[in-house]
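Below is one structure; the comments refer to it alone.
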Amino acid sequence: MEQSYWHSVTLDRDACRGCTNCLKQCPTQAIRVQHGKAKILKERCIDCGECIRVCPYHAKQAVTDKLACLQGYEYTIALVAPAFYGQFSRTEDCDLILTALLEIGFDDVFEVARGAQEISMATRELLEGEELLKPVISSACPAVSRMIAVRFPNLINHIIPLRSPMELSAQAARVEAMKKTGRKMEEIGVFFISPCAAKATAVKDGITVRKSHVDGVISMKEVYLRMAQQIGSVKEVKKLSKAGSVGALWATSGGEAKGSRALRSISVDGIHNVIKVLEDIEDDKLSDIEYVEALACPGGCVGGPLAAENNFVAQSRIKRLCRELPEENDLIPPEIPRLWDGAPVYRPVMELNKDLGKAMEMAMAIEDLAERLPGLDCGSCGSPSCRALAEDIVRGYAQETDCIFVMREQLNDILEHVKKNNIAIPQELLEGWENDGQKEG
Amino acid sequence: MSNGMKFRYPVDGNDFTRAGEISSKVKKQLKQLGLPPEVIRRVAIIMYEAEINMVIHANGGTIDVEITPEQIRLVFSDTGPGIPDIEKAMQEGFSTASHEVRELGFGAGMGLPNMKKNSDEMKIDTRIGVGTIMDLIVKI
């Protein structure tokens, strides 16, 4: 499983124009532009969805399941992330939103806020014990866990060994439905309505989950339109919501830290901010912090690339909703495990070579090359920075003339040579070139 | 390949907020070399503590990093006031940092002990009014 690298984030080659937006934004330098199209280096991608957010041509997509998948099951359950409530103007009416989900085709609903509340309680218990390395890092955001697995091996044992609220809720939902309906496990389909791509990856190729209890991941955008229409025509609202505010607040940055009740906690959102904090933890700078909530998306899960509503509006709605809800509500039976299946495994994807001597030779070659490149980090070569180009050259994936500045110099040299030796060049090819080979203007 | 890789980084004595930048660069380098995570962690902690020390006490200095297949050598040189009593400075909790510096959360007196704890060898050459050179080795 560790080597399979299934990813939700993919590229629509036809839509891609080979610009540098995603290239520059990717936090693991997992994108290159080659022959005018972006390419994702699968082993580096953490499915954070930054590229989906910044692509002006919508060429970066998340592979998720379609509503049609519901047909493969006798009984279907929508696993509703708390961020989902923030998508609709009638946020405070959870029952209405859940009833509308039943009307668009689900047989049942289960709020992930219930699982989140349980994970909050389990977190409190673990923090009270002295066994965990401080600061303890949340395990809830799959993109952050993956980031740690590829770039921060020293922090793997700081991650709290708990399942995600989604996983816990999925198993609880299935068990509950089996009791309620008398159906077999495999007849029940559990579908997570997701604000992000990383959850789809966590389900298909999880790094802390052996086999997910989620059968499919459907994007919030996919159900948004149908829901928006359905909400208006719901006739009889059913009493379905069982979530409390501790769980529902997980939708926004700060909610999870609040639920942990850690006195010294920090909440960091946005993957680039998360990286800064992880660097600090690695340098032992944050040893006085107890708990770190780290979410890849700005504002938390409501800021996910597959959410439909503006993240700031959604945050405000969730906060309003949480004022109405009881603090803690319906519980999940204790037999359903809270602990994860296992810690993520370090994937040394940045490594230059298995052999240290060889790796050092390569690293020195990179230093030399990086000195020679212009240091503008323009991305025109197709690598995210001059340094990354130097690495790519040394790894054998690129060449120095991919840099347009290096190429210009070489062209000038060629031109010089041509002139010196009176080699004839058709006049139209020389148009726009001054005597010194520099372009006019 | 016998000489290994050498890098020199200047440390700006006027800017607290930049402390950690060099550590971050070196960490990235070590991860690319595929060194064991534990070695990287120890180097990162030493680098950060030393960087902070140089900013607090010595108005900056230079860091030399030398990587060979056997070890990482870190040399921190400054032209600061020197350490009057090394034995005391090596005690946990002892600090000569000013009140202002402590207010910022630094100067808890864990710098030198932490550097010692995370290295395999540590030599300090300090002269009052001249400066300090700390020479540390982390074995791979």
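Every heavy atom of this structure was used, including side-chain atoms; hydrogens, water molecules and symmetry mates were not.
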Exercise. In this structure, are over 12 heavy atoms from other groups packed under 6.0 Å from Lys116(B) atom NZ?
Worked result: no
Seminar exercise, completed: The interface call for Ser23(B) against chain A, heavy-atom contacts under 4.5 Å, is side chain
Exercise. How about Arg127(B): does its CZ atom have over 12 heavy atoms from other parts shown lying under 6.0 Å from it?
Worked result: no
Problem set entry | Heavy-atom proximity to chain A below 4.5 Å, by part of Leu35(B) | side chain
Exercise. Around atom CZ of Arg387(A), are there more than 12 heavy atoms of other residues, nucleotides or ligands at under 6.0 Å?
Worked result: yes
Exercise. Taking Lys31(B) for the side chain and Glu351(A) for the main chain, is one N or O donor matched with an acceptor at less than 3.5 Å?
Worked result: no
Exercise. CE of Met364(A) to CZ of Phe7(B): how many Å apart, nearest 0.5 Å?
Worked result: 8.0 Å
Exercise. How many angstroms lie between CD in Gln32(B) and CG in Asn353(A), if you round to the nearest 0.5 Å?
Worked result: 12.0 Å
For this session: Under 4.5 Å heavy-atom distance to chain B, tell me which part of Phe152(A) shows up: side chain, backbone, both or neither.
Result: both
Exercise. Around atom NZ of Lys134(A), are there more than 12 heavy atoms of other residues, nucleotides or ligands at under 6.0 Å?
Worked result: yes
Exercise. What's the shortest heavy-atom distance between Lys28(B) and Gln29(A), and which atoms?
Worked result: NZ-OE1, 4.3 Å
Exercise. Taking atom OH of Tyr397(A) as the centre, does the number of heavy atoms from other residues, nucleotides or ligands within less than 6.0 Å exceed 12?
Worked result: no
Seminar exercise, completed: Closest non-hydrogen atoms of Leu33(B) and Ala363(A), given as atom of the first, atom of the second and distance, are CD2-CB, 3.8 Å
Exercise. What option among Asp355(A), Leu356(A), Val349(A) has the most heavy-atom pairs under 4.5 Å with chain B?
Worked result: Leu356(A)
Seminar exercise, completed: Ranking Met350(A), Glu282(A), Arg151(A), Met362(A) by heavy-atom pairs under 4.5 Å to chain B gives rank one to Glu282(A)
Exercise. Which atoms form the tightest heavy-atom contact between Ile67(B) and Met360(A), and what is the distance?
Worked result: O-CE, 2.9 Å
Seminar exercise, completed: Separation between NZ (Lys285(A)) and CD1 (Ile52(B)), nearest 0.5 Å, reads 7.0 Å
Exercise. Is there a side-chain contact between Glu49(B) and Asp283(A), using heavy atoms and a 4.5 Å cut-off?
Worked result: no
Exercise. Is any NZ, NE, NH1 or NH2 atom of the basic residue among Arg41(B) and Asp284(A) found under 4.0 Å from an Asp or Glu carboxylate oxygen of the other?
Worked result: no
